[in-house]
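Heads up: the structure comes next, in C-alpha cells.
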Amino acid sequence: MATAATLEKSTATVRKPHRRMSRVMAVRQAMQYVLIVLLALFCLVPFAWMVLSAVDAQAGPTVQSPEFTLDNFVRFFTKADTPRLLANSLLISVSATALNLACGIFGAYALSRIRFRGRKTFMFSILLIRVIPPPATIVALYLMMVKMSLDNSYLGLILVEAAAALPVTLWLLKGAIDAIPFELEEAAWMDGSTRFGAIRKIVFPLVGPGLGAAALIAFMAVWGDFLTPLVLLQSPDLYPLSIGLFRAFTAFNQVDWGVLAASAVIYMTPPAILYGFLRRYLFRASIGSAVKG
Amino acid sequence: MLPLLLGPSVLLIAVFVIAPAVYGIYLGFTNTQLTGFAARDPDFVGLDNYQNLLTSDEFLGSLGHTAQFVFFSAIIGQTILGMAAALLLRKKWLRGKGLFGAAILLPMVVPEVVASLTWASVLSPRDEGTFNRLIGLFGGASAAPLQEAPMLSIIIVNIWRGIALAMIMFQAALEDVPDELIEAARVDGAGAMRVFRYVTLPLIRGPVFLYLLLTTITTVGVFGLVYFLTQGGPGSATQLTSIYIYQHAFQYSQIGLGSAASVILLALLLVLGLTYVRLSKVEV
C-alpha cells in the first residue's frame with residue numbers, strides 16, 4: 001500500500017493538470033510494478049533450492065527451511081573428489097583463456113592494422129563460425145582428438161576451448177585496437193621504437209579494458225562449458241565442475257544434496273561476479289550477444 | 001610479415017573448428033563406429049546415412065522437437081518476456097531498476113549446469129518441489145512436470161534462461177526510439193498497445209529481426225540445459241536434434257550416422273547464419 005501511495009504522489013507531480021487521470025495512471029503503474037516483480041520472481045525463485053540447501057544440514061532435493069550450517073562448504077573443500085573438480089575447472093579455464101588471449105591479441109593487431117588480402121573474408125568467416133552449434137561438430141571433433149591422442153587430456157580440452165572462444169576474442173580485440181589511434185604508434189617509431197616495441201609500449205597498455213573484457217568472456221565460456229568436457233574427458237580425475245555436478249546429480253544411489261548445492265553455489269559465483277564487471281563494457285561492444293551460454 | 005601474427009589464431013581455428021566441420025561431412029558418408037570392426041576400418045556408404053535419417057521417425061521427430069523448442073521458447077517466450085522487461089525497465093518512474101535488471105540477468109549468467117540443477121528442484125515430482133508447493137497454494141494436486149509435460153517444462157526452462165539476452169538486445173534498440181515520438185502518440189490518444197504496435201515496433205524492427213535470428217541459432221545449439229534435466233526422455237519426448245546426435249554417436253556408437261545428422265543441422269543453420277551476418281551489417 002505504501003508503494004501505491006508514493007506512486008500516486010509521483011504521478012500527481014508529473015501530471016499536474018489532470019487530478020482524475022492520475023488515479024488511472026496510478027493503477028496502471030501499480031499493474032506494471034506487479035508485472036516486473038512477477039518477472040523478477042520467475043527469474044529468482046528457481047535459485048531458492050540451491051541457496052537454501054547449500055546452508056542446510058538436512059538438505060534434500062527440494063526446498064525446505066534450512067537448519068543453518070556451513071558444513072556443506074567445509075565438506076566440499078575437504079572431500080576426496082570435490083576440491084579436485086574446482087582445481088580442474090580453474091586449471092582448464094585459466095589456461096584456455098591465457099592461450100586464447102595470447103593468440104587473439106596478435107591476431108587482432110594484424111586484423112586491425114594491416115590491410116591484407118582476405119582480411120574481410122576472414123572477419124566474416126569467423127563471425128559465421130559463431131553460428132555453428134557445438135553439438136554439430138562435436139562428433140567429428142571427438143574422433144579427431146582420439147586420432148591425435150588429445151582426448152581425455154587437459155591439453156586437448158584446453159586447445160579446443162581456446163579455439164572455440166577465439167572468434168569472439170578476435171572481434172572484440174580488433175575493435176579495441178581500432179580505437180587506439182595509429183598515430184601514437186607512428187610517433188613511437190619516430191622516437192626509435194621498432195614495430196614490436198611500439199606494440200608493447202603503446203598498444204598493450206591502451207588495449208587493457210578490451211583485453212579484460214575478452215578475458216572475462218573467454219573465461220566464462222570455458223568455465224560454463226558442459227558438452228565439450230562431457231565428450232572429451234573420460235577419467236573422473238580430469239572432470240571440471242560442470243561434469244562433476246552432472247555426475248553427482250545423476251548418481252542415483254546416494255546424492256549428497258547439501259554438498260551438491262554448495263558446489264553449485266561455488267561454481268556459479270565466479271561468472272556471476274565477473275559479469276558484474278563486464279556488464280557496462282560489453283554491450284557497447286557490438287558483439288554483446290557473445291555472452292549467451 | 002605482419003599478417004603472420006594471425007597465424008596462431010588461424011591455426012587453432014582451422015584445426016579445432018573448421019577441420020571437425022569438414023571431417024564431419026566426410027564421416028557422414030561412412031559407417032564409422034565408435035568401437036568394434038567399423039571403428040578401425042570404416043566403409044564408404046554414400047548417402048545411406050542420409051537416407052536412413054530422412055526416413056527415420058526418431059530423427060525427424062528430433063527435428064520436430066527442436067523446431068517446437070525454438071519456436072515456443074526462443075521466438076515466442078523469450079521475445080515477449082524480454083520485450084516486456086525492456087519496456088518496463090525503461091519507465092522513468094520505475095524504482096529499483098538495478099535490482100530488477102540483475103534478477104532477470106542472473107539466469108543467463110550462471111553456467112548451464114547450475115541452471116538445470118535449480119530447475120530440477122523446481123520441477124521435482126515430490127510434493128515439496130517448488131512447483132508443486134506453488135500449485136498447492138492454489139489448491140492444485142501435485143504433478144510431475146518433467147514426466148507429464150516434458151516439452152512444456154524444458155520450454156519454460158529455456159525461456160527463463162533467455163529473457164535476459166532478449167531484454168539486453170531490445171534495451172539497446174529502444175534507446176534509439178525518441179521519447180517525444182511516443183509522447184506525441186499518447187497525446188493524440190493512442191493506448192499503450194497501439195503506441196507499441198504502430199510507433200515503437202516499426203522503429204526497432206531491424207534489431208528485433210536480428211535478435212530472432214540470433215536466438216534461433218543459439219537455441220538450436222542448446223544441449224546441456226535439456227540433457228541434464230531429461231536426457232531426452234521420457235521416451236524421446238524431449239529428444240532435441242542435439243541430443244539425438246550425442247546419443248547416437250556416443251551412446252549407440254554410430255559416428256557416421258551422428259555426423260550425417262550434424263551435417264543436416266549445419267546446413268539448416270548455415271542459411272540462417274548467412275542471413276544473420278548479412279543483415280547485421282557489421283563494420284569490418
Side-chain angles (χ1 to χ4, degrees), chain A residues 10 29 32 35-36 39-40 43-50 61-64 103-104 106-107 109-110 114 116 120 123-124 127-129 131-137 139-141 143-144 159-160 162-163 166 170 224 226-227 231 242 245-246 249 264 267-268 271-272 275 283 286 289 292-293, chain B residues 2-3 5-6 8-9 12-13 16-17 19-21 23-24 27 81 85 88 93 100 103-104 106-107 109-114 117-119 121-122 124 126 128-130 160 165 168 172 214 217-218 220-221 223-224 228 242 245-246 249-250 255 258-259 262 265-266 269 273 276-277 282 284:
Chain A
S10 66
Q29 288 191 355
Q32 289 177 334
L35 260 180
I36 191 81
L39 210 52
C43 289
L44 287 182
V45 162
F47 290 102
W49 170 78
M50 200 178 72
T62 51
V63 187
Q64 57 194 11
C103 295
F106 290 109
Y109 182 83
I114 305 152
F116 55 88
K120 262 201 161 141
M123 289 302 286
F124 279 115
L127 193 62
L128 197 58
I129 285 175
V131 314
I132 300 180
T137 53
V139 180
L141 179 70
L143 217 61
M144 275 182 55
L159 287 169
V160 170
L166 252 178
L170 284 170
F226 172 70
L227 178 64
V231 169
S242 55
L245 254 76
F246 175 62
F249 177 71
Y267 182 40
M268 70 165 270
Y275 192 82
F283 301 109
S286 61
S289 55
K292 194 181 181 186
Chain B
L2 277 164
L5 290 175
L6 201 52
S9 301
L12 270 182
I13 293 176
F16 296 105
V17 183
Y23 188 43
L27 286 173
L81 292 184
L88 286 171
W93 45 263
F100 289 126
I104 294 170
L106 199 58
V109 171
V110 300
E112 66 181 343
V113 170
V114 173
L117 192 61
T118 61
W119 277 91
S121 75
V122 174
S124 163
R126 298 170 186 236
E128 299 83 29
T130 314
W160 172 83
L165 183 74
I168 289 163
L214 181 73
I217 291 164
T218 48
V220 170
F223 170 80
F228 188 105
S242 58
I245 292 171
Y246 176 81
F250 299 113
I255 295 276
S259 298
S262 308
L265 197 63
L266 264 183
L269 275 188
Y276 174 70
V277 172
V282 278
V284 186

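Residue numbers begin at 1 in each chain, while the letters A, B, ... track the order of the sequences.
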Under 4.5 Å to a heavy atom of chain A? For B:Ser124 that would be side chain

- From CA spacing to verdict: side-chain contact (heavy atoms from CB on, under 4.5 Å), A:Leu39, B:Phe100: CA-CA 8 Å; A:Leu39 210 52; B:Phe100 289 126; over 6 Å; no

Nearest heavy-atom approach of B:Leu266 to A:Ala136 is CG-CB, 3.9 Å

**Request:** Show your working on side-chain contact (heavy atoms from CB on, under 4.5 Å) between B:Glu128 and A:Trp49 and close with a plain yes or no.
**Result:** CA-CA 11 Å; B:Glu128 299 83 29; A:Trp49 170 78; over 6 Å; no

Tightest non-hydrogen contact, residues A:Ala272 and B:Val109, listed as CA-CG1, 3.5 Å

Check against side-chain contact (heavy atoms from CB on, under 4.5 Å), A:Leu159 and B:Leu12: CA-CA 7 Å; A:Leu159 287 169; B:Leu12 270 182; 4.0 Å; yes

Item to check | Any donor-acceptor pair under 3.5 Å from B:Trp160 side chain to A:Cys43 backbone | outcome: yes

Smallest heavy-atom separation, B:Ser262 atom then A:Val139 atom, equals OG-CG2, 4.2 Å

With chain A, the option among B:Pro107, B:Pro8, B:Ser259, B:Ser242 that has the most non-hydrogen atom pairs under 4.5 Å is B:Pro107

| task | Evaluate the side-chain contact (heavy atoms from CB on, under 4.5 Å) criterion for residues B:Leu6 and A:Phe116: first the C-alpha distance (whole Å), next the side-chain angles of each, then the deciding distance (0.1 Å), finally the verdict. | result | CA-CA 11 Å; B:Leu6 201 52; A:Phe116 55 88; 3.6 Å; yes

Cut-off 4.5 Å, heavy atoms of chain B, and the answer for A:Met144 is both

B:Val122 and A:Pro46 have their tightest heavy-atom pair at CG2-CA, 3.6 Å

Interface check, chain A: of B:Val220, B:Leu27, B:Leu265, B:Val114, most non-hydrogen pairs under 4.5 Å belong to B:Val114

When the 4.5 angstrom heavy-atom criterion is applied to A:Ile129 and chain B, the contacting part is side chain

Is a side-chain N or O of B:Ser9 found less than 3.5 angstrom from the main chain of A:Cys103, in a donor-acceptor match?
yes

Min side-chain heavy-atom separation B:Ser121-A:Met50 under 4.5 Å:
no

Okay, B:Leu88 and chain A: the region with an atom under 4.5 Å from a heavy atom over there is side chain

**Prompt:** Does any non-hydrogen side-chain atom of A:Thr62 lie less than 4.5 Å from one of B:Thr130?
**Reply:** no

The interface call for B:Phe228 against chain A, heavy-atom contacts under 4.5 Å, is both

Problem set entry | Check: B:Val113 and A:Phe249 side chains under 4.5 Å, non-hydrogen atoms | no

Honestly, the part of B:Phe250 sitting under 4.5 Å from a heavy atom of chain A is side chain

Closest non-hydrogen atoms of B:Tyr23 and A:Ala140, given as atom of the first, atom of the second and distance, are CD2-O, 3.7 Å

